[in-house]
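First the structure, in the form of structure tokens, and then the observations on it.
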Amino acid sequence: MNSSATFRIWRGDAQAGEFRDYQAEISEGMVVLDAVHQIQARQANDLAVRWNCKAGKCGSCSAEINGYPRLMCMTRLNDLPLDRPVMIQPLHTFAVLKDLVTDVSWNFRVKKTVKRFAPRPADAPDGTWRMAQADVERIQEFRKCIECFLCQDVCHVLRNHQLMDQFAGPRNYVYAASLEMHPLDTQNRLADLKDRHGIGYCNITKCCTKVCPEEIHITDNAIIPLKERVVDEHYDPLAMLLGRLFSGSRNKANTRA
Amino acid sequence: MAEYDEHHHDVLVIGAGGAGLRAAAEAAAAGASVGIVCKSLLGKAHTVMAEGGVAAAIGNVDERDNWKVHFADTMRGGAYLNNWRMAELHAKEAPARVKELEGWGAVFDRTPDGRILQRNFGGHRYPRLAHVGDRTGLEMIRTLQDRVIYDRVDVFMEFTILELVRDGDRVIGAFGYDREKGGFHLFQGKALVLATGGIGRAYKVTSNSWEYTGDGIALAYRAGGELRDMECVQFHPTGMVWPPSVAGILVTEAVRGEGGVLRNKLGRRFLFDDIPPLYRDQTADNEEEGWRYTQGDKNARRPPELLTRDHVARCIVREVREGRGSPHGGVYLDIAWIKERIPNAEEHIKRKLPSMYHQFKKLADLDITKEPMEVGPTTHYLNGGIKVDGDSQMTTAPGLFAAGECAGGLHGANRLGGNSLSDLLVFGQRAGRYAAQFAKQNPAGRVDPEQVRQIARRAVAPFERNRAPQEESPYALQRELQETMQELVGIVRTEDEMRGALQKIENLKERAARVEVDGNRMYNPGWHTAIDLGNLLVVAEAVCRSALERKESRGAHFRLDYPDKDERFGKVNMVARAGHAGALEVRMEPIPEMPAELRQIIEEMK
Ligand code: SF4
Ligand code: SF4
Ligand code: FES
């Protein structure tokens, strides 16, 4: 399918910007990131874009493609309609630095406010622990996270309401869950999740889960269980009552929102 | 123009992959104030891509394993060009370094009795690789990152170091710029650790990310450091070959560890036809035995697919050259066949190799549980690197340490799979410890402002060149260099071709002085590429000149004009450095005599 297609790429910085059209040659198997690189090498040397692995493992190349948050390196052109321009723009939730590059430093700052891992004393004299595979699988799912921040981008609490100072966002709940549910961990992060990290703002729309390239069940496996733990620990008569009435975990957690 | 911000730390670490983060954690634990400078965001460094596992003789799966076996395996794999002291320390300390990660939150796959599970890998006698499916690197970098962010460590993300700053011979800081905003920064450190990784971007087909432009190696070289074994570039036998846009992306050796086999287009397992004498006793001579080995039979010998990477890569090249390759110029790697042997093979493959399954499904429309993959060699790793002291990791420039892939010595002429992640841990920790110690014993150096101004002037020159007919594009030059190295200094080398490559490199050096970039200093990839190019040219020349001097074939270095090992060269390392006139010089340095105790281990394990 040697032909060409139009890519409508957002160019600009924090002050101003606009979409510009570029033509790129298309060959078999190409992904969006290939097209961006081709444009960068041939037509727009200073086009800013983040990437590292080109294999969906590092989470650097997040952008919005035809309005949908995705990894550019894992989005194949033959999955997109090429009869019209492919729209590529930076993540909406975070401030633009330049072109497709946004300032995601907030995510790193918030992560540090989640209390660090604190293991129980070692199980064996050689300083090691015993954990069953079945018990670690649950958090191995969370540890697949590549910190692409697509979930942060799509979550309305951040995207529309910009509640960065009250809400840690799905990525950081996944992080908190990976620690809270770690078989060795002794720390308690529930009060923080409730007060400092605003998990109550999440109303379980599951948009985050839908965009996660690692297919982590962010809402079902991380957020809802955390919400339940918060509810259990921070006794809240209304939530308890509703929890009992509906006995479905989703409803129980929902009352926190 | 030379306005800049200043930062002061006891220990400055350049690079935030596994080695850099491990060094930072150690230096911080020793009470040093630490700065880390990295080209990408935190947690994106190339360590993330490591798949198969981390080698450590813990002996959880096979209790016969111990440091001595690991040491002997590493030396044999490296064809005895290794710094034996590093190989010894690495084998001894890797188990503690891996176990310690568990206390930092890492979650490795488990044995039935709840301990760290270990898998088979090429060149390792026993199952030795602790792993998490096929995303071990991600687990490691995240564990280290999530430790360091809580320490007294300042992280400077998306910064590039242009040059090291010196006070006499001693390295006392680094000068660079903020990639996002373009501003200049001076980082003063009482000690510095280079942990910048490899040089894959000097080649066209590579598993490495854009960051791998040999920065640390070139920085050390220009600051008076020495480089060793630069001719030993590792080509991983299995990279993707189709579709073209993903060519080079790694297909983990774990596929073969789990029972995957290599076949040519005739369906033949061609590796059985060519087993090197050094490995004959340890290698299965029939398919049945090879299969049993991958399934944990301790009495079986390993299949030839798990021979060292250099050998497997060359056999693949031979199959392709002689017309027995797959349609897109590779060979077949088949894991789907195991369904003939085990029930639920599909589930098993998806569980053991989840990201490989995902990668092929997404990028090549291919289901590895049903069809064979097409694979071929890809530039993967630099076995050599900056010459360091085996114990402290200090380079030949005082105050400058190096660890991880950018440092040379541990792997000799060829690295075993899994020995990279353990290298990062063991020598990252050592570099951090000794750098912190050096920082305690030495006051901050004095910065010469003129030195700094010059670095800044050189850096912005590409913006100031007038548009002339002679203008050169940094992208085009990088491309030409990559093609040159790929074709002329690749897996199979000859004197003539390498002479040609050197000429081309000289030509590129001249043209690099005329590179021009558009736009301004804010997040400008054109400018970044222009700067990386200077480093790539240094490492390309070092690879080429060292390879010319090694007139034999050994490990990853294969010469068609000298296809055999030559004892005389087995006793020396190639060491490159900037000569007095500024030209790159290569000398042969005798390998120090190994202590009797280590020699005996090697004899016993033969
Ligand atoms: S489920 Fe919660 S965290 Fe996820 S997108 Fe919806 S509101 Fe945000
Ligand atoms: S949870 Fe998923 S979407 Fe969110 S940052 Fe991690 S990998 Fe990306
Ligand atoms: S470049 Fe690493 S995820 Fe896309």
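We use all heavy atoms of the structure for the numbers below, so side chains are in, but hydrogens, waters and symmetry mates are not.
- Only the backbone of Trp104(B) comes within less than 4.5 Å of a heavy atom in chain A; its side chain stays farther off.
- In this structure, Trp129(A) contributes its side chain and Glu102(B) its backbone to no donor-acceptor pair below 3.5 Å.
- Most heavy-atom pairs under 4.5 Å with chain B, from the set Glu137(A), His37(A), Arg130(A): that is Arg130(A).
- No donor-acceptor distance shorter than 3.5 angstrom exists from the side chain of Tyr523(B) to the backbone of Leu97(A), with no hydrogens or angles considered.
- Your options are Cys58(A), Gly56(A), Ala122(A), and the one with the most heavy-atom pairs under 4.5 Å with chain B is Cys58(A).
- Per-residue counts of heavy-atom pairs under 4.5 Å with chain B were compared for Leu184(A), Leu47(A), Leu179(A), Asp103(A); the largest is that of Leu47(A).
- Note: Asp46(A) leads Asp79(A), Val31(A), Asp46(A) in heavy-atom pairs under 4.5 Å with chain B.
- In this structure, the portion of Glu158(B) lying under 4.5 Å from any heavy atom of chain A is its side chain and not its backbone.
- No other option in Gly59(A), Ala118(A), Cys73(A), Ser178(A) has as many heavy-atom pairs under 4.5 Å with chain B as Gly59(A).
- Your options are Ala124(A), Ser105(A), Gly127(A), Cys145(A), and the one with the most heavy-atom pairs under 4.5 Å with chain B is Cys145(A).
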Discussion item. Under the criterion side chain to side chain contact (heavy atoms under 4.5 Å, CB included), I'd like the reasoning laid out for Thr128(A) against Glu100(B): C-alpha separation, chi angles, the key distance, then a yes or no.
Written reply: CA-CA 8 Å; Thr128(A) 61; Glu100(B) 150 189 277; over 6 Å; no
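- A donor-acceptor pair is defined here as one N or O able to donate and one able to accept, closer than 3.5 Å; such a pair exists between the side chain of Gln140(A) and the backbone of Val107(B).
- Closest approach of Pro119(A) and Gly103(B) over heavy atoms only: CG-O, 3.5 Å.
- The two residues Leu41(B) and Val104(A) come nearest to each other via the heavy atoms CD1-CG2, 3.8 Å.
- Panel note: side chain Arg110(B), backbone Met131(A); a donor-acceptor pair is recorded below 3.5 Å.
- For Asn52(A), the parts lying under 4.5 angstrom from a heavy atom of chain B are both the backbone and the side chain.
- Contact between Ala106(B) and His182(A) at its shortest, heavy atoms only, is O-NE2, 4.5 Å.
- Interface remark: Asp113(B) contributes backbone atoms only to the contact with chain A (heavy atom separation under 4.5 Å).
- With respect to the salt-bridge test (charged N to carboxylate O, under 4.0 angstrom), the residues Lys98(A) and Glu180(B) do not qualify.
- Between Lys111(A) and Asp146(B), the closest heavy-atom pair is NZ-OD1, 2.5 Å.
- Side-chain atoms of Lys54(A) come within 3.5 Å of backbone atoms of Ser245(B) as a donor-acceptor pair (strictly under, hydrogens ignored).
- Considering only heavy-atom pairs separated by less than 4.5 Å from chain A, the leading option among Gln359(B), Arg142(B), Lys362(B) is Arg142(B).
- A 6.0 Å sphere centred on NE2 of His217(A) holds no more than 12 heavy atoms belonging to other residues, nucleotides or ligands.
- Residues Pro525(B) and Ala48(A) share a closest heavy-atom pair of CG-CA, 3.9 Å.
- Residue with the most contacts toward chain A among Tyr212(B), Trp242(B), Trp527(B): Trp242(B) (heavy-atom pairs, distance under 4.5 Å).
- Between Lys57(A) and the choices His358(B), Met49(B), Arg135(B), the side-chain contact (heavy atoms from CB on, under 4.5 Å) rule is met once, by Met49(B).
- Interface remark: Met157(B) contributes side-chain atoms only to the contact with chain A (heavy atom separation under 4.5 Å).
- Taking His528(B), Gln145(B), Lys181(B), Arg179(B) one by one and counting their heavy-atom pairs under 4.5 Å with chain A, the maximum is reached by Gln145(B).
- Neither the backbone nor the side chain of Arg479(B) comes within contact range of chain A, judged by heavy atoms closer than 4.5 Å.
- Leu33(A) does not touch chain B: none of its heavy atoms, backbone or side chain, sits under 4.5 Å away.
- Val49(A) touches chain B through its backbone: at least one of N, CA, C or O sits under 4.5 Å from a heavy atom, while the side chain does not.
- Leu42(B) touches chain A through backbone and side chain together, each having a heavy atom under 4.5 Å away.
- Side-chain contact, Thr143(B) with Arg143(A): a donor N or O sits under 3.5 Å from an acceptor N or O.
- No part of Glu214(A) comes within reach of chain B, as not one of its non-hydrogen atoms sits under 4.5 angstrom from that chain.
- In this structure, Phe108(A) and Ile149(B) have side chains that are not in contact, with every pair of non-hydrogen atoms separated by 4.5 Å or more.
- Using a 4.5 Å cut-off between heavy atoms, Leu138(B) contacts chain A through its side chain alone, with no backbone atom that close.
- One finds no salt bridge joining Glu147(A) and Lys44(B) here, because no Lys/Arg side-chain nitrogen approaches an Asp/Glu carboxylate oxygen to under 4.0 Å.
- Under the 4.5 Å side-chain criterion, counting only non-hydrogen atoms from C-beta, Tyr475(B) is in contact with Gln40(A).
- Distance alone, capped at 3.5 Å, is enough to place a donor-acceptor pair between the Arg76(A) side chain and the Leu363(B) backbone.
- Both the backbone and the side chain of Ala41(A) come within contact range of chain B, with heavy atoms under 4.5 Å apart.
- Put simply, CH2 on Trp210(B) and SG on Cys53(A) are 12.5 Å apart, with the number rounded to the nearest 0.5 Å.
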Item to complete: Report the C-alpha distance between Asp126(A) and Lys99(B) in whole Å, list the side-chain angles of each, state the deciding distance to 0.1 Å, and finish with yes or no for salt bridge (Lys or Arg N to Asp or Glu O under 4.0 Å).
Response: CA-CA 9 Å; Asp126(A) 67 347; Lys99(B) 289 181 198 166; 3.6 Å; yes
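- Only the side chain of Glu211(B) comes within less than 4.5 Å of a heavy atom of chain A; its backbone N, CA, C and O stay farther away.
- When each of Gly105(B), Pro243(B), Ala476(B), Gly526(B) is scored by its heavy-atom pairs under 4.5 Å with chain A, the top score falls to Gly105(B).
- Atom OH of residue Tyr150(B) and atom NZ of residue Lys115(A) lie 11.0 Å apart, to the nearest 0.5 angstrom.
- Of the two parts of Pro213(A), only the backbone, made up of N, CA, C and O, holds a non-hydrogen atom closer than 4.5 Å to a non-hydrogen atom of chain B.
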